[in-house]
S.K.: 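Structure provided below as structure tokens; questions to follow.
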Amino acid sequence: MYSYKAVKLDGKYKKGIFRAKDVGELEYDLRKNGWYLLGYKRKIDLLNVNKKINKNTLYMLCKSLETLLRSGINLIQAINLISDKTKNKKLKESLYKIRDDILKGESLYSSLKLQENIYPSLFIEMIFAGEQSGKLVEILNNLAMHYKEEMKLTQKIKKAFIYPFIVFITSICITSFLITNILPEFLQTLKDLGGQIPAYTKIIIFLFQETYNNIFLILLILLFISVGIKSKLINKIKDFKGVTYGIPYVGTLFRSYELQKIFYYLGFLFLSGIDILSSLEKLQSSLNSIFFKEKILKVLNLLKSGKSISEAFEKLNLIDKEKIIMLEVGEEAGNIEEMLLKIADMYLQEIYEKVDKLSIYLEPVMIIIVSFMVGSIVIGLLIPMINIMDLIAY
């Protein structure tokens, strides 16, 4: 990013911010609009550095492009219309760059390739397949449907965690209130009567005070964990020899999510007329999962050695027998792309079912945790109360 000052021949000045590969690109953009660069400074956009465009925005982009191109509007006009309407600053700047690149003679794919830091690799490769096969409109429609399903899945996962999160926060608030407002009153009364504070109650107070005194450190650790979840390091640990994918329930959920993406994109590439080897090469280079990148590379090598798709997937034990049979039927009937998409849909349904079950399991687990937290405080209150009553009785 560059912050710059520019001037026109009539003496008008302006300041602005522009995202470009280098200063030459900034100068070119200004010059074509009649401005001349006076000075500039490089800026670091901490909020947007290497931040991908989200699925909602990608869905809107694919759907809008597909609709406009299908109606007969050319690509440049479609990009101009979308960039003028969108309120997403990052997308707007990106579309302006894409438009300029296309006007210079670049393809949509090559322009997107220059912006790999904000667009997913698989999205870019799908656009390449659409341009090569002349089926860009169909590919955009398929991508829009795929991102719509991903959005629904994301919402479903968020919904599953909202209730447990609210219950957990509520339990923390109740526990804090009991310890800070109720418990001290009992302890003071107990001291006034000459009684001793029970050991259990002392432990409860100690744990709460230590948590309160180190609250900023705890929040900092939680922040690092949340950032680390999205980091490449965590992804590498998750993919280490596929160990995580073997964990009951959670691991199979991750595995199903990756496999449904793989089969969706393979099906879309086949529908675009891209051959099996080229499709797998593009898929393999675009995947984020190290474990599945290696698996797809092995599938590719098996196909080159003469194996069929079903044989390759069966040999590597990637999918269950039912789906292997579906691949075999697809190969024999000559509709392998339809079978790939059906398998992807099956994995998506499996994910929905697992998420539903997860939400069902989470609720009793959270109730048990809350009961333990509040119950331990209540016991800590009851013991001093009993001691007070004994002292009063005497």
S.K.: Could you check whether any side-chain N or O of R31 sits under 3.5 Å from a backbone N or O of L37, counting only pairs where one atom can act as donor and the other as acceptor?
M.R.: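 No; judged by distance alone, with no hydrogens or angles, the pair does not exist.
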S.K.: May I have the step-by-step check of side-chain contact (heavy atoms from CB on, under 4.5 Å) for V299 and I309, ending in yes or no?
M.R.: CA-CA 8 Å; V299 170; I309 301 173; 5.7 Å; no
S.K.: Check K113 with E116, please: is the shortest side-chain N to carboxylate O separation under 4.0 Å?
M.R.: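 Judged by the 4.0 Å cut-off on N to carboxylate O distance, E116 and K113 do form a salt bridge.
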S.K.: Please tell me if the side chains of Y347 and I319 come closer than 4.5 Å, counting only heavy atoms from C-beta onward.
M.R.: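 Yes. Closest side-chain heavy atoms under 4.5 Å.
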S.K.: Would you check if E149 and Q260 make a side-chain contact, meaning some heavy-atom pair closer than 4.5 Å?
M.R.: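 Answer no - side chains too far apart.
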S.K.: What is the distance from atom CG of L348 to atom CG of L259, rounded to the nearest 0.5 Å?
M.R.: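 Here the interatomic distance stands at 12.5 Å.
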S.K.: When you look at NZ of K14, are more than 12 heavy atoms from neighbouring residues, nucleotides or ligands closer to it than 6.0 Å?
M.R.: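 Check passes, neighbour count above 12.
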S.K.: Which pairs count as ring-ring contact (aromatic ring centres under 6.0 Å, His included) when at least one residue sits in residues 299-332, sequence neighbours excluded?
M.R.: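 Checked against ring-ring contact (aromatic ring centres under 6.0 Å, His included) - neighbours excluded - the pairs reaching residues 299-332 are F263-F313.
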S.K.: According to a hydrophobic-cluster definition based on side-chain heavy atoms being under 4.5 Å apart (Ile, Leu, Val, Met, Phe, Trp, Tyr only), do I82 and Y59 belong together?
M.R.: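 In one cluster with I82: Y59, yes.
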S.K.: Going from OH on Y257 to CD1 on I351, what distance comes out if it is rounded to the nearest 0.5 angstrom?
M.R.: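 CD1 of I351 is found 8.0 Å from OH of Y257.
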S.K.: Take atom NZ in K32; do more than 12 heavy atoms of anything else shown fall under 6.0 Å from it?
M.R.: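 Yes, because the 6.0 Å sphere around NZ of K32 holds more than 12 heavy atoms from other groups.
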S.K.: Should Y96 and L61 be regarded as members of a common hydrophobic cluster, given that ILVMFWY residues are connected when their side-chain heavy atoms come within less than 4.5 Å of each other, either directly or indirectly?
M.R.: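 They do not share one cluster, since no chain of ILVMFWY contacts under 4.5 Å joins Y96 to L61.
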S.K.: Please check if atom NZ in K342 has more than 12 non-hydrogen atoms from other residues, nucleotides or ligands closer than 6.0 Å.
M.R.: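 Check fails, neighbour count at 12 or below.
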S.K.: Does K104 NZ have over 12 foreign heavy atoms under 6.0 Å away?
M.R.: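 Result for NZ/K104: enclosed.
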S.K.: Kindly say whether E338 contributes a backbone atom to a donor-acceptor pair with the side chain of N335 at under 3.5 angstrom?
M.R.: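 No; judged by distance alone, with no hydrogens or angles, the pair does not exist.
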S.K.: Can you hop from M145 to I343 via hydrophobic side chains spaced under 4.5 Å?
M.R.: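 As far as the 4.5 Å side-chain criterion goes, I343 and M145 are not connected within one cluster.
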S.K.: Could you tell me the separation between the CD1 atom of I98 and the CG atom of L114, rounded to the nearest 0.5 Å?
M.R.: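 With rounding to 0.5 Å, CD1 (I98) is 9.5 Å from CG (L114).
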S.K.: Is the NZ atom of K315 crowded by more than 12 outside heavy atoms at less than 6.0 Å?
M.R.: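 12 or below, so no.
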S.K.: Counting only heavy atoms from other residues, nucleotides and ligands, does the tally under 6.0 Å from NZ of K92 exceed 12?
M.R.: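 Yes, enclosed.
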S.K.: Less than 4.5 Å apart, side chain to side chain, heavy atoms only: is that true for Y265 and M126?
M.R.: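 Answer yes - side chains close enough.
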S.K.: Just by modelled atom types, is the K90 backbone N or O under 3.5 Å from a matching donor or acceptor in the S94 side chain?
M.R.: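 Judged by distance alone, no pair lies under 3.5 Å.
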S.K.: Donor-acceptor check, side chain of S256 to backbone of L253, threshold 3.5 angstrom: yes or no?
M.R.: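 Flag not set: sc S256 to bb L253 has no pair under 3.5 Å.
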S.K.: Which value, rounded to the nearest 0.5 Å, describes the distance between E66 atom CD and I139 atom CD1?
M.R.: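 Rounded to the nearest 0.5 Å, the CD-CD1 separation comes to 11.5 Å.
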S.K.: Check whether E131 reaches the backbone of S107 with its side chain - one donor and one acceptor, N or O, closer than 3.5 Å.
M.R.: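 Judged by distance alone, no pair lies under 3.5 Å.
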S.K.: In Å and rounded to the nearest 0.5 Å, what is the CZ to CD distance from R70 to E138?
M.R.: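 Output value for this atom pair is 6.0 Å.
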S.K.: According to a 4.5 Å side-chain heavy-atom criterion applied to Ile, Leu, Val, Met, Phe, Trp and Tyr, with indirect links allowed, do I169 and I368 form part of one hydrophobic cluster?
M.R.: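 Each belongs to a different hydrophobic cluster.
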S.K.: Would you confirm whether S111, through its side chain, and L108, through its main-chain N or O, come within 3.5 Å as a donor-acceptor pair?
M.R.: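 Not a single qualifying donor-acceptor pair exists.
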S.K.: Scan for side-chain hydrogen bond (donor to acceptor under 3.5 Å, both in side chains) pairs involving residues 323-333, sequence neighbours excluded, and state none if there are none.
M.R.: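 Qualifying pairs, neighbours excluded: S310-E331, D320-K323, K323-E350.
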S.K.: Please answer whether the main-chain N or O of K293 pairs with a side-chain N or O of Q284 as donor and acceptor at a distance below 3.5 Å.
M.R.: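 Yes: the side chain of Q284 pairs with the backbone of K293.
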S.K.: Does some side-chain heavy atom of K148 sit less than 4.5 Å from a side-chain heavy atom of K63?
M.R.: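 Of all side-chain heavy-atom pairs linking K148 with K63, none is under 4.5 Å.
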S.K.: Hey, does the side chain of S279 reach the backbone of D275 with a donor-acceptor pair shorter than 3.5 angstrom?
M.R.: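 Here the side-chain-to-backbone pair exists.
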S.K.: How many angstroms lie between atom CG of L269 and atom CZ of F128, to the nearest 0.5 angstrom?
M.R.: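 Separation between the atoms: 10.5 Å.
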S.K.: Would you mind reporting whether L91 and M60 have side-chain heavy atoms less than 4.5 Å apart?
M.R.: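 SC-SC contact between M60 and L91 confirmed.
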S.K.: Checking the side chain of N33 only, and the main-chain atoms of W35 only, is there a donor and an acceptor separated by less than 3.5 Å?
M.R.: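 Absent.
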S.K.: Would you say the side chain of L341 lies within less than 4.5 Å of the side chain of F268, judging by non-hydrogen atoms?
M.R.: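 When only atoms from C-beta onward are counted, L341 and F268 do touch, with a gap below 4.5 Å.
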S.K.: For the residue pair Y264 / D345, report whether a side-chain donor-acceptor contact shorter than 3.5 Å exists.
M.R.: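 There is such a pair between these side chains.
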S.K.: Between Y4 and L30, is any pair of side-chain heavy atoms under 4.5 Å apart?
M.R.: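 Counting from C-beta outward, Y4 and L30 do come under 4.5 Å.
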